[in-house]
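Below you'll find the structure I mean.
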Amino acid sequence: MAKIKTKFAERLNIDVPILGFSHSVDVTAAITKAGGMGVYGIAHDPPDKVPGKIAAVRKQIGDRPFAIDIMMPKGMPESETLKSVQANLPADHVKFVESLIEKYQVPVATNKTFFNSVLRTPSYFEGQLQALLDSDVDLVAFGIGLTADAVARLKAKGKVVGALIGNPRHFASYKDVGLDFIVAQGSEAGAHTGSIGTMVLVPEIVQLAGDLPVLAAGGIGHGSQIAAALAMGAQGVWLGTTWLSTEEHASGDHAIGDKLREKLFATGSGDTAITHGSSGKPQRQIRSAWTEEWAAPTAPRALPMPYQHALVGDLLTAIDEHEVDAMLHSPAGQSIAWSRTKRSVAEVMEELSRDALAGLSRAGQYSD
Ligand SMILES: Cc1cc2nc3c(=O)[nH]c(=O)nc-3n(C[C@H](O)[C@H](O)[C@H](O)COP(=O)(O)O)c2cc1C
């Protein structure tokens, strides 16, 4: 595969400046093996499971580089448990969730998942962080939230450390904590997201960041957009939605089943919606009865993170477990429009790189 050189790609020792986020071990490994850098998201893995996940990626990639993404949102309660929170949920909210179960005839969940068995707390995050400090992972990125102490501890262990941001305010609060790179993630992105579009955000953050490398994220699913991101001053891209429909995502933990994949194939760039209904923070997903119900005027206002999870965790687990058609959904961004067939990660990487190079050469025609 042709190489696309940027300073940051050279620092990471990767052939193409494509970093790929996934909750799948196999997808993460495949992205690294195809010349980019796989980023495994541990948000749903309790601390004791993290070393096993890292070892599983390492087993597939040898000593090639890969990354971990960790979320450390501020304001999570230390003294509560999932049970104590569930015992005190507001009655109107519980009634609303019961009405959804009734309306969509959702069978009871029997699986235990992150959604119905974990409450996000500072000690959960500290346990995950400790697992990263003890690991041989090359790069760590903070999804939502970080502390200067966590950044310093990771850097002392020789990790390359970065963070995702969605607006210039985040940059102002992160600029002095010693990060090695920034991911500027525009609103088009899948999962938690802000309101500024990628085309607006990226050059703004590039300018603010000065010498600090910036990766562009949000809505990127075609190689021409990679060329555009590089033209805007980014040193690479960070993609999440693109991998959901790949062959490697069809098995293992967080496998995407045939029914959900068919929905992803049928989702156009205009068919996603932002809801607070899943986590309490704004999250872009494919539009479904789930997003519609939480947007209805009669719906209660979603609770803040982590309380919304405690409210809907069983229902989310049941929707996935029983593939409840109308409510079945996934976080996904507007670039889902480029996912129309089940392909291997290597094929996707090949096409992205080829189209990025074509875009770069097209752009070069305009200067003499
Ligand atoms: C299914 C899914 C789950 C995600 N989970 C996380 C997460 O746990 N932590 C995080 O920092 N970002 C998460 N993201 C966001 C990605 O890291 C990335 O910023 C985003 O997908 C880029 O935009 P795109 O979806 O348009 O490619 C997730 C994205 C998707 C599609």
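All ligand and atom numbering here is 1-based and tracks the order in the structure.
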- Item | Closest to atom 15 (C) of ligand 1 (judged by heavy-atom distance), picking from Gly190, Gly240, Gly186 | Gly190
- Please state which part of Val39 comes within less than 4.0 Å of ligand 1, counting heavy atoms only: side chain, backbone, both or neither. neither
- Note on the structure: Quick note, ring pair (Phe, Tyr, Trp, His ring centres under 6.0 Å) partners involving residues 336-368, not counting sequence neighbours, are His222-Trp338
- Enumerated ligand 1 atoms positioned under 4.0 Å from heavy atoms of Met71: 7 (C), 8 (O), 9 (N)
- Is it true that the side chains of Thr317 and Glu321 contain a donor and an acceptor less than 3.5 Å apart? no
- Item | Selection from His192, Gln185, Gln225 by shortest heavy-atom distance to atom 20 (C) of ligand 1 | Gln185
- Query: Of all heavy-atom pairs between Arg120 and Ala43, which one has the smallest distance, and what is that distance?
  - Reply: NH1-CB, 4.4 Å
- Item | Side chains of Ser123 and Glu78, donor plus acceptor under 3.5 Å | yes
- Note on the structure: At under 4.0 Å between heavy atoms, what of Ala43 touches ligand 1? The answer is side chain
- Which of these, Ser22, Gly333, Gly219, has its nearest heavy atom closest to atom 26 (O) of ligand 1? Gly219
- Task: Before signing off on this row, confirm whether Ser330 and ligand 1 have an N or O atom pair separated by under 3.5 Å.
- Result: no
- Under-4.0 Å heavy-atom contact with ligand 1, by part of His23 that carries it: side chain
- Message: Out of all atoms in ligand 1, which are within 4.0 Å of some heavy atom of Gly218? Include the element for each.
- Response: 22 (C), 23 (O), 26 (O)
- Determine whether Phe115 and Ile319 make a side-chain contact, defined as any pair of heavy atoms from C-beta on separated by less than 4.5 Å. no
- Message: Regarding atom 25 (O) of ligand 1: of the candidates Thr193, Thr241, Ile144, Ile256, which has the closest heavy atom?
- Response: Thr241
- Message: If you compare all heavy atoms of Ala229 against all heavy atoms of Val237, which two are closest, and at what distance to 0.1 Å?
- Response: CB-CG1, 3.8 Å
- Task: For the residue pair His170 and Tyr174, categorise the inter-ring angle as parallel (less than 30°), tilted (30 to 60°) or perpendicular (more than 60°).
- Result: parallel
- Query: For Asp15, what residues pass the salt bridge (Lys or Arg N to Asp or Glu O under 4.0 Å) criterion, not counting sequence neighbours?
  - Reply: Lys3
- Message: I'd like the name of whichever of Gly143, Gly41, Ala191, Gly145 reaches closest to atom 28 (C) of ligand 1 through any heavy atom.
- Response: Ala191
